[in-house]
2 protein chains.
Amino acid sequence: MTHLLPLADEPAPERADAARNREAILAAALRLVRTRGVGCVTMDTVAAEAGVGKGTLFRRFESREGLMAAVLNESETAWQGQVISGPPPLGPGAPPLDRLLAFGHSRLRTNLTHAELIAAAGRPGARSAAAVSFANMHVRYLLGELGVTGDLLMLATALLAPLEMVVLDQQVNAEHIALERIEAGWDDLVRRVVGA
Amino acid sequence: MTHLLPLADEPAPERADAARNREAILAAALRLVRTRGVGCVTMDTVAAEAGVGKGTLFRRFESREGLMAAVLNESETAWQGQVISGPPPLGPGAPPLDRLLAFGHSRLRTNLTHAELIAAAGRPGARSAAAVSFANMHVRYLLGELGVTGDLLMLATALLAPLEMVVLDQQVNAEHIALERIEAGWDDLVRRVVGA
DNA sequence: CGTCGAAACGGACCGCGGTCCGCTTCTATT
DNA sequence: AATAGAAGCGGACCGCGGTCCGTTTCGACG
């Protein structure tokens, strides 16, 4: 038994080879997604490309959805960076309303861009918890800056909901609504909610 | 060759045995979903229960998602009946705002009740096209009655979006938000949108 | 270093959704 | 009633996601 007491229950340190494999897998997956498209990426393929056994994939990333979520997370993180410290109006420096509007447009485009990946990542992935709550927090913050009062968490959720892929997909692929109209509709919604 | 000219291109009449099988399959699926829960219903099981070959399932209902969508559609239709001709405030007879609020609450509960089935029916099913557009149309109508002006299709979509299962699931299962709060949040959203 | 327990590995294996194709059944027509 | 061919049928078959478990590798400690 080691001498130190487990003050905080750390999430288990992960062995060196494990970390190496995780990275190899993620890299392989990213490469395959880019070259062949999401639909053609099977777990066996990724395993082969990464030079590991299939079992390893599933130990590191729970499921196919989990792996896809991890791949998606790559670009998601970059996007979050833009929001937090990128150039205005998306990043800080612009008036709150401008930022909010820019945020919505950006999210819209981003979601549409990664549509396939988002679908493959599935809903119940760890993606939701992270991505959704980041977006929600940011919108809540901007609503606060705008002086909006009320249940901000609910309000933020309401603003974010129409930007979810389920909704967007229906509008774009089934109803063939133009992007500009969706954007305009969202702007309108925002203005009504903030009471401008 | 028959004598009559195909004035309208009818969707092919469906043979007697085909119709019989479709019904048997649907009934079997419904029964199994009720007794064992959605997760335990495999296509082979349904086929056995209905006394047909597996191939038949896939010819009638495209995919597992399609079959689940058909099962779901059963209760969906009943619900639409309530909205169109049921007792107020959900049905006709109450003031538009009351109807709209009742509509939202009802949809919320219904979605939550059929959560599993909705998940199993998947997004890209024919379910969207029908169910979503019915709801949208109804909300649009009520917004009209309330004298709201603007892009009603977008507005209706915005009001419906927070009631989608993707959003609800996140709120209920991940963030553990109470139902009452979600309802109150939606009511608030509605009031802001209609400008009351 | 050598040792030892835990963690990680890999690939054979399984179940399920989905397809395919040779056989059967229906129905329109005479 | 006979017939022809289209529509439907069924179950063997396939590929993929996911699991399991005997073997290998790591790294903490003496």
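Since the model is a prediction, treat every value here as computed from it, not as a measurement. Order of the sequence lines fixes the chain letters, A, B, ..., with proteins taken first and strands second; residue numbering starts at 1 for each chain. Worth knowing before you read on, the calculation uses all heavy atoms, side chains too, and leaves out hydrogens, waters and symmetry mates.
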- State which residues pass ring pair (Phe, Tyr, Trp, His ring centres under 6.0 Å) with B:Trp186; sequence neighbours excluded, sorted by chain then number. none
- Sequence neighbours excluded, the answer for salt bridge (charged side-chain N to carboxylate O under 4.0 Å, His left out) partners of B:Arg15 is B:Asp17
- Message: Under the rule for salt bridge (charged side-chain N to carboxylate O under 4.0 Å, His left out), what residues qualify as partners of B:Glu74, not counting sequence neighbours?
- Response: none
- Item | Set of residues satisfying ring pair (Phe, Tyr, Trp, His ring centres under 6.0 Å) with respect to A:Phe61, sequence neighbours excluded | none
- What integer distance in Å separates B:Phe61:CZ from D:dG8:C1'? 14 Å
- Query: Under the side chain to side chain donor-acceptor pair (under 3.5 Å) rule, what pairs show up with a residue in residues 78-98 of chain A, not counting sequence neighbours?
  - Reply: A:Trp79-A:Ser106
- Query: For residues 21-39 of chain B, which residues have at least one heavy atom under 4.0 Å from DNA chain C?
  - Reply: none
- ring pair (Phe, Tyr, Trp, His ring centres under 6.0 Å) with B:His138: which residues, sequence neighbours excluded? B:Phe103
- Message: Would you say OH of B:Tyr141 has more than 12 non-hydrogen atoms from neighbouring residues, nucleotides or ligands within 6.0 angstrom?
- Response: no
- Message: I'd like to check the salt bridge (charged side-chain N to carboxylate O under 4.0 Å, His left out) partners of B:Arg31; sequence neighbours left out, ordered by chain and number.
- Response: B:Glu49
- Query: Where along nucleotides 14-27 of chain D does protein come under 4.0 Å, by heavy atom, of base (B) or sugar-phosphate alone (S), with - for untouched nucleotides?
  - Reply: --SBBB-----BSS
